[in-house]
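Questions regarding the structure given below will be posed in turn.
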Amino acid sequence: MDDHRRDILFKCFCEARRSQAFFTKCLEKEITEEEREFLFELIEESAKTSCKILQSCIKLSSK
């Protein structure tokens with residue numbers, strides 16, 4: 001994988017992790033149970049997204 005493509009994927013990975021951290025931080029605020037459940041869903045989706053990006057980087061690096 002060339003450096004430019006690796007940089008783009010790494011930036012995507014960092015943004016997914018940043019979103020996950022932001023959603024997690026929101027759990028500290030006073031929110032309803034429904035809002036908490038919604039944030040947990042967002043956190044899970046962000047985690048899945050970052051894992052997919054990481055797996056894609058690994059696959060592309062091995063080619």
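Remember, it's a predicted structure, so these values are computed and weren't measured experimentally.
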If you compare all heavy atoms of Phe13 against all heavy atoms of Ser50, which two are closest, and at what distance to 0.1 Å? CD1-O, 3.4 Å
When you compare the side chain of Cys57 with that of Phe10, does any pair of heavy atoms fall below 4.5 Å? no
For Ile8, which fellow cluster members are found when Ile, Leu, Val, Met, Phe, Trp and Tyr are connected by side-chain heavy-atom distances below 4.5 angstrom, either directly or through intermediates? none
Step by step, would you call Leu27 with Ile43 a side chain to side chain contact (heavy atoms under 4.5 Å, CB included)? CA-CA 10 Å; Leu27 290 172; Ile43 293 165; 3.6 Å; yes
Residues pairing under salt bridge (charged side-chain N to carboxylate O under 4.0 Å, His left out) where one sits in residues 29-49, two or more places apart or in two chains, turn out to be Glu45-Lys48
Does the side chain of Leu39 come within less than 4.5 Å of Thr24's, by heavy atoms? no
Interatomic spacing from CG in Leu9 to CD1 in Ile58 - rounded to 0.5 Å: 11.5 Å
Grab the two heavy atoms, one from Ile31 and one from Cys26, that are nearest each other, plus how far apart they are. CD1-O, 4.2 Å
All heavy atoms of Ala16 vs all of Ile53, minimum pair found to be CB-CD1, 4.4 Å
